[in-house]
Amino acid sequence: MYSVFLVDDEPIVLEGIRTKIDWENSGFSFAGEATDGEIALSMIHEIKPDILITDIKMPFMDGLQLASAVKKIQPWIKIIILSGHDEFDYAKKAISIGIEDYLLKPFTSEEVIESLKKTAAQIDRERTQLSDINKMKDELKSQEKLLQKEFLINLVHGSVDSTNILQKCQELGIDLFSRFYKILISRIESVSNNSKNQQEACSLLNSYSGSWEQTICFFHHNNRLICILKSPSKSELEENVYHIAETIEHIATQNPDCTVVTSIGKTVEHLSSLPSSYEDAKKILEQSSFENKSRIISSDDIQMNDEMNDDSLLKLKDNDPMVDRLKYAGKNDISAIIEESMTLIKNNPGQFQVFASYLLVDLIFAVSKLVETLGGNIKEIKPEIIQRHFIDDAVQDETIFVKTLENVLNFALEYRDSKMTGRYSSIILKAKKYIEENYADQNTTLTTVADIVCLSPNHFSTIFSQECNTTFIEYLTNVRIENAKRLLRETEMKGYDIAYECGFSDPHYFSYIFKKNTGLSPRDYKQEFIKN
């Protein structure tokens, strides 16, 4: 299954492609859409589709600019260009950028599918070629490669005479001259301990890594990819290191049996200081154990957390789903949690008090653990909620129960917010607060929110997805859908008005996403609510 992302400033074109193609039966999945290149670039960064279909002429950022940017930051994405009869000069430029195909308007759904299949075949050929383990072995046998690798290993271990580093680089054809440097180490592992899967993932990385700008890569200990990143500016280095880390994770985890833990060392200003950055990254990697999970960890983030007195909330275990959910829940999540509880109760008619008691006790237990983790004692801070009569009083009827759930959840979030001081937590809370206040703005994107929390988009994307167990795009979409559900329940607004009110630029796309997330169209959802 290959994921496809669409970009066109004409909603009718987007709707035509989205609705007239039988995605699943054709071997493709619809990953998302945007009406201009700037919004698309932010979404593509998060979604990482296999194929991009984009119009050439669009406002703000046209298809050529988008294609060029995508090829630079995510070179594995295949691009199909849509062009009109009078845009052939644009099409020729697109070919020079490296697109896979272009379709002349007007086109049929059959022509789109044919182009997609041709592009998918190209992806298959590349994957077959890149996963050829013998290619990696042959490359490593090359005397020049071996000499370069030996030198790089000695360099990061501090075994090279610092006065001869640049001369040795020149002799070996290695360009390491720059102002700032960072070391990145990625450990690739197979969940099932299947050495073949691990080797194939490493082979893919080895084949792709040679094309990464400002980056020198080599394998060490079979499954450890070491990258030396360089840049004339710290900010550019910061942006690139997270881009490379996410690219490594994306490529290696194409095999679902593989995971990648990536550690990022501190920034240094001299080649002779690279061992310091390497030891930094190595120490993080050795101390990091994430069972069957991929992770990106930066030395800068760990140092900041240490300065902030070891944020205990970040150490919450993942074995309690409700505790984990309360970890970074926003005010907008309260209605969703309550709605899920009421759905469970309604699916078991005649047993309201039994199920309501169970759900409330489970919530109180999770809140107690959250408070304890943050250094508090529920018996001292909120003793009334652990009394038996509190449960009995709350489950007398549905209205009181819903209000009690709301009060307990509000208490948990307010107490958590008053105690959270760590770098990650403040970033996530600030981002979520901004989203809650600006979800209706169509310009609320990964890039705009990253600017608000003063991080690069790559860094922010990594932190958000790892700490919230969801991508930024998924979270933003969920906030918009939850508010759409609220408006459907509480107002008489039309579907297209709700779409615009919740930040969707196209009512048809809103309906598609709403049904994808809830299983019901907006109209059916409202009718179901009225019935109940």
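These numbers come from the heavy atoms of this one structure, side chains and all, not from hydrogens, waters or symmetry mates.
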Quiz prompt | Nearest heavy atoms of C468 and K432, plus distance in Å | solution = SG-CE, 4.0 Å
Self-check item: Straight-line distance of H508 NE2 to E33 CD, nearest 0.5 Å
Solution: 10.5 Å
Quiz prompt | Side-chain donor-acceptor pair present, T35, D9, cut-off under 3.5 Å | solution = no
Quiz item: Are the side chains of F514 and L488 in touch, meaning some heavy atoms are under 4.5 Å apart?
Solution: yes
Quiz prompt | Sub-4.5 Å side-chain heavy-atom contact between Y509 and L14 | solution = no
Quiz item: Can W76 and H250 be counted as having a side-chain donor-acceptor contact under 3.5 angstrom?
Solution: yes
Quiz item: Are any non-hydrogen side-chain atoms of C227 and I248 less than 4.5 angstrom apart?
Solution: yes
Quiz item: When rounded to the nearest 0.5 angstrom, what distance separates CD1 in I463 from CD1 in I297?
Solution: 12.0 Å
Practice problem: Supply the atom-to-atom distance I481 CD1 to L476 CG, rounded to the nearest 0.5 angstrom. | Solution: 10.0 Å
Quiz item: Can the ring centres of W23 and F30 be said to be less than 6.0 Å apart?
Solution: yes
Quiz item: Is the backbone of E406 close enough, under 3.5 Å, to the side chain of N410 for a donor and an acceptor to pair up by distance?
Solution: yes
Quiz item: Got Y2 and K78 here, is their nearest side-chain heavy-atom distance under 4.5 Å?
Solution: no
Quiz item: Say you draw a straight line from CG of L455 to CD1 of I427; how long is it, rounded to the nearest 0.5 Å?
Solution: 4.5 Å
Quiz item: Do the side chains of Q442 and Y500 get nearer than 4.5 Å, heavy atoms only?
Solution: yes
Exercise. Answer whether the closest heavy-atom distance between the side chains of K57 and D62 falls below 4.5 Å.
Key: no
Self-check item: Evaluation steps, side-chain contact (heavy atoms from CB on, under 4.5 Å), between D55 and V13
Solution: CA-CA 10 Å; D55 189 18; V13 175; over 6 Å; no
Quiz prompt | Contacts of E24 that satisfy salt bridge (Lys or Arg N to Asp or Glu O under 4.0 Å) - sequence neighbours left out | solution = none
Practice problem: Sequence neighbours left out, what pairs pass side-chain hydrogen bond (donor to acceptor under 3.5 Å, both in side chains) with at least one residue falling in residues 65-75? | Solution: none
Quiz item: Shortest non-hydrogen contact from L487 to E501?
Solution: CD1-CG, 3.8 Å
Quiz item: Where do S263 and L285 come nearest, in terms of heavy atoms and distance?
Solution: OG-CB, 3.7 Å
Quiz item: Once you round to the nearest 0.5 Å, how far does CD1 of I296 lie from CD1 of I244?
Solution: 11.0 Å
Exercise. Sort out for me which residue in L359, I378, I385 forms a side-chain contact (heavy atoms from CB on, under 4.5 Å) with I364.
Key: I385
Practice problem: State, yes or no, whether a side-chain contact exists between I498 and F510 at a heavy-atom distance under 4.5 Å. | Solution: yes
Quiz item: Between K182 and T267, is a side chain to side chain donor-acceptor pair (under 3.5 Å) present by the stated rule, with each step listed?
Solution: CA-CA 5 Å; K182 266 185 183 292; T267 302; 3.1 Å; yes
Quiz item: Okay, side chain of N517, backbone of I513: is any donor-acceptor separation there less than 3.5 Å?
Solution: yes
Quiz prompt | Residues S521, D524; criterion side chain to side chain donor-acceptor pair (under 3.5 Å); working and verdict | solution = CA-CA 5 Å; S521 68; D524 291 341; 3.2 Å; yes
Quiz prompt | salt bridge (Lys or Arg N to Asp or Glu O under 4.0 Å) against D257, all qualifying residues, sequence neighbours excluded | solution = none
Quiz item: Could you give the distance from CD1 (I264) to OG (S298), rounded to the nearest 0.5 Å?
Solution: 5.0 Å
Quiz item: Should E482 and R486 count as an ion pair when the cut-off is N to O under 4.0 Å?
Solution: no
Quiz item: Taking the side chain from S186 and the backbone from L225, do they hold a donor-acceptor pair closer than 3.5 Å?
Solution: no
Self-check item: Carboxylate-amine/guanidinium proximity below 4.0 Å for D506 and R18
Solution: yes
Quiz prompt | Nearest heavy atoms of M58 and G63, plus distance in Å | solution = CE-N, 3.7 Å
Quiz item: Is there a donor-acceptor pair under 3.5 Å between the side chain of D280 and the backbone N or O of K266?
Solution: yes
Quiz item: Any side-chain hydrogen bond (donor to acceptor under 3.5 Å, both in side chains) pairs touching residues 396-405, not counting sequence neighbours?
Solution: none
Side chains of residues 39-54: which donor-acceptor pairs under 3.5 Å do they make with residues two or more places apart or in other chains?
{"residue": "S42", "atom": "OG", "partner": "L446", "partner atom": "N", "Å": "3.2"}
{"residue": "H45", "atom": "ND1", "partner": "N458", "partner atom": "OD1", "Å": "3.2"}
{"residue": "H45", "atom": "NE2", "partner": "E246", "partner atom": "OE1", "Å": "3.4"}
{"residue": "H45", "atom": "NE2", "partner": "N458", "partner atom": "OD1", "Å": "2.9"}
{"residue": "E46", "atom": "OE1", "partner": "F472", "partner atom": "N", "Å": "2.7"}
{"residue": "E46", "atom": "OE1", "partner": "I473", "partner atom": "N", "Å": "3.3"}
{"residue": "E46", "atom": "OE2", "partner": "S461", "partner atom": "OG", "Å": "2.5"}
{"residue": "K48", "atom": "NZ", "partner": "H45", "partner atom": "O", "Å": "3.0"}
{"residue": "D50", "atom": "OD1", "partner": "R127", "partner atom": "NH2", "Å": "3.4"}
{"residue": "D50", "atom": "OD2", "partner": "S3", "partner atom": "N", "Å": "3.0"}
{"residue": "D50", "atom": "OD2", "partner": "S3", "partner atom": "OG", "Å": "3.4"}

Self-check item: Test salt bridge (Lys or Arg N to Asp or Glu O under 4.0 Å) applied to K516 - qualifying residues, sequence neighbours left out
Solution: none
Practice problem: Side-chain contact test, heavy atoms from C-beta onward, threshold under 4.5 Å: evaluate it for L360 versus L405 and give yes or no. | Solution: yes
Self-check item: Between E474 and T470: side-chain donor-acceptor atoms closer than 3.5 Å
Solution: yes
Quiz prompt | N-O pairing of E249 and R187 below 4.0 Å | solution = no
Quiz item: Out of N478, T477, T444, N483, which one pairs with Y439 under the side-chain hydrogen bond (donor to acceptor under 3.5 Å, both in side chains) rule?
Solution: N483
Quiz item: How far apart are the closest heavy atoms of K526 and T491, and which atoms are they?
Solution: NZ-O, 2.8 Å
Practice problem: Of all the heavy-atom pairs spanning R480 and D441, show the shortest one and how long it is. | Solution: NH2-O, 3.1 Å
